[in-house]
Asker: 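Have a look at this one.
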2 protein chains.
Amino acid sequence: MATINDVAKLAGVSPTTAKRALNEPHKLQPHTLEKVQWAIRELDYEPDLTAGALRRGRNMTVGLLVADIVEPFFAELAREVSVRLRSSNYGLLLADNEYQSEIELHNLRHLAGQRVSALIMRPSYGPGNREYLLKMQDKGTYIIEIDHHMPDSPFDFLMLDHEQSVRAGLEHLWSLGHTRIAGLGTYDAELYPEWRAHHFDHIMREHGHPVLSAYREIIRYNEQDAYEFTRYLLNLPERPTALFAFNGTEAIGAYRAIQDAGLRIAEDVSLLAFDNLPWTHMVSPGIDVIEQPIKQMGELLVQQVLKNIDGPRTPMQLLLPGKLIVRGSCGMASAES
Amino acid sequence: MATINDVAKLAGVSPTTAKRALNEPHKLQPHTLEKVQWAIRELDYEPDLTAGALRRGRNMTVGLLVADIVEPFFAELAREVSVRLRSSNYGLLLADNEYQSEIELHNLRHLAGQRVSALIMRPSYGPGNREYLLKMQDKGTYIIEIDHHMPDSPFDFLMLDHEQSVRAGLEHLWSLGHTRIAGLGTYDAELYPEWRAHHFDHIMREHGHPVLSAYREIIRYNEQDAYEFTRYLLNLPERPTALFAFNGTEAIGAYRAIQDAGLRIAEDVSLLAFDNLPWTHMVSPGIDVIEQPIKQMGELLVQQVLKNIDGPRTPMQLLLPGKLIVRGSCGMASAES
DNA sequence: TTGTATGCGTTATCAC
DNA sequence: GTGATAACGCATACAA
């Protein structure tokens, strides 16, 4: 494996000069430049990123810590970020937290040990790792949160405008006459501080239709819990006329539960969901969804991260609007109780 | 940031001893061990992985190069690998190739520069980067291919038994009376050397029902191409009675095309697909699929990779069987032409 | 059982 | 424009 010293020797220059041929070629005399470039080709020189990382205190990667890479939202975001990073010589160090701060801490330790240049992360619940993250930030790692952000969190963030999105969804349902609406999961400051559930509660109350207490339960946003909770809801004497799934995974569980209960989507019960997943336009009727601008998120994130790795910090605290896509899974609220 | 030297100084021992407290604690006297552990806690010592990487010539990550992280197969595999890596102090450096060897080379350069300890990769087409990969291997990087493997490729591999899987699928279709079956994509040694398409052709011929030349076209395995090709197939005078989608993304395109053509799944045209994606059991009838044992793959991969990073090389050239799941999207071949 | 010394390849500072 | 030199933090060979 050729090092920059080998290149320098072969070209008859110093390592400093040899490196400049790669980083600041304009500062070299054409003649010198050519000699070095020839030597680089001759030896197949490729820089050792680990040596550079040790010297500079950060490596050439961006850490991306998602909740779960299998959730399509995170998979798509990972791709967008990865693709855009390509033109910058940065790589992507992937980690997850399964929404749990112990797992998160384990992975943060690794990312910090690897000296990632920047960290894009979906925070887990609770203030658990804030101290650790602040230490990372102090050591020069740029940190930006995605998808979720606590008001007292000191970090930059870029996420969906959950409030606007929930409101857009509810206005859609209201316009169809729905008032008995159940959200798939209830906000809990300690256990489950999810914004979509929080705004759902708040906006419903504000609109004069507080969510029935029978509809309120703290569940996790996965297929299984969503399935079971939906079955429960559909069996209530006062069953909801519309269901609001707070992410794409929940929507799958809800959809299956509705089918298994022998009910028809739209006619018997309406379904509205976050995340525009492929299957939502393949069933019939198609599912009404609120789509996140994932491409835009990826673009803005990479831009912001690269700008902030070197150069001075430019704050970014951004909410992006969700887009309602209507396909037919929400029907008129029927008169039947 | 505390280094191991700081720890050593505070504990009044040498750096070597301090490190041993972490790596080989049994080799220290209880008293020494305690002193060092105290100092580690006192200083919040965490190892600098970049320094270790430089020194050892490889970092504490495994490179995972997929074709496209958005394809659920790769997303799920990434999660399985990531989860299992957690108990080993290794991280995951993620990259893709979009099936193109230029993109692949770019990312390989990065992975090699980062000195990944091992590389799990889905190869792109063509022999393009073999030379580069061999150089990586010579420098000590353990390499194993997934999902696809050329017979003359010198690397280990772990993938689905494509031949067995295709045969299982076809026997299912034959048992329902189908003979006019179209695979969504045709094998081409140069342009598109995909095994599933290859075995499809071969097994159909072997069985006495060579694929009609009207059904043969080289397409890429994405939703759009699959959609268009399916529309074309369904418009043929001798249209196929069954379609075989070679991955989950193709299946989506085919499904939509069938719907848009106003045909009924199973009654009018049967659909069989690779990959057991969530939506395939949510539509009705559910889609008959061939499922890959992704969890097992992740487990075996991590096991093999960790064993081969240190220790002597133990070869692994493994085909795992696919599992046919029947849900109803394949009906009897109708008599109508 | 513990300690000493060296070098991994790069980058940054400073001198020429 | 170019070059010499030092230091990043760790792992290893070797010495004690």
Asker: Start with the C-alpha gap between Val81(B) and Leu92(B), add the side-chain angles, then the distance that decides, and say whether side-chain contact (heavy atoms from CB on, under 4.5 Å) holds.
Answerer: CA-CA 8 Å; Val81(B) 169; Leu92(B) 190 64; 4.0 Å; yes
Asker: In terms of heavy-atom contacts, does CZ of Arg220(A) have more than 12 from other residues, nucleotides or ligands at under 6.0 Å?
Answerer: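 No.
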Asker: Find the distance Glu46(B):CD to dG9(D):P and express it as a whole number of Å.
Answerer: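 Rounded to whole Å, this separation is 14 Å.
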Asker: Using a cut-off of strictly less than 4.0 Å, decide whether Thr32(A) has a side-chain nitrogen or oxygen near OP1 or OP2 of dT2(D).
Answerer: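 Checking dT2(D) against Thr32(A), a side-chain N or O does come within under 4.0 Å of OP1 or OP2.
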Asker: Is the shortest distance from a Lys or Arg side-chain nitrogen in Asp310(A) or Arg56(A) to a carboxylate oxygen in the other one below 4.0 Å?
Answerer: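 No, this pair does not count.
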Asker: Looking at Glu46(A) and Lys135(B), is there a salt bridge between them, counting it only when a charged N and a carboxylate O are closer than 4.0 Å?
Answerer: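 Not counted as a salt bridge, because no side-chain N and carboxylate O are separated by less than 4.0 Å.
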Asker: Should the side chain of Thr16(A) and the base of dA4(D) be counted as holding a donor-acceptor pair, with the cut-off at 3.5 Å?
Answerer: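 Looking at the base of dA4(D), it does pair with a donor or acceptor on the side chain of Thr16(A) (distance under 3.5 Å).
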Asker: May I ask you to evaluate whether Lys19(A) reaches the phosphate of dT11(C), defined as a side-chain N or O under 4.0 Å from OP1 or OP2?
Answerer: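 Affirmative; the distance criterion is met.
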Asker: Between atom CD1 in Ile4(B) and atom P in dT12(D), what is the gap in whole Å?
Answerer: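 So the CD1-P distance, Ile4(B) to dT12(D), works out to 14 Å.
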Asker: Using a 4.0 Å heavy-atom cut-off across all strands, classify Leu28(A) as base, sugar-phosphate, or nothing.
Answerer: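 Here Leu28(A) touches the backbone only, sparing every base.
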Asker: Measuring from the side chain of Asn5(A) (C-beta onward, heavy atoms only), which nucleotide among dG1(D), dT2(C), dT10(C) has the closest atom?
Answerer: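 Side chain of Asn5(A) sits closest to dT10(C).
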Asker: Using OP1 and OP2 only, check whether a side-chain N or O of Ser14(A) sits under 4.0 Å from dG3(D).
Answerer: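 Looking at the OP1 and OP2 atoms of dG3(D), one of them is under 4.0 Å from a side-chain N or O of Ser14(A).
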Asker: Leu43(A) has an atom CG; how far is it from atom P of dG9(C), in whole Å?
Answerer: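 Atom CG in Leu43(A) sits about 14 Å away from atom P in dG9(C).
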Asker: Using whole Å, what does the distance between atom C1' of nucleotide dA11(D) and atom CG of Leu54(B) come to?
Answerer: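 Those two atoms, CG and C1', are 10 Å apart.
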Asker: Could you tell me whether the side chain of Arg55(A) has a donor or acceptor atom within less than 3.5 Å of a complementary atom in the base of dT10(C)?
Answerer: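 Side chain to base: no pair present.
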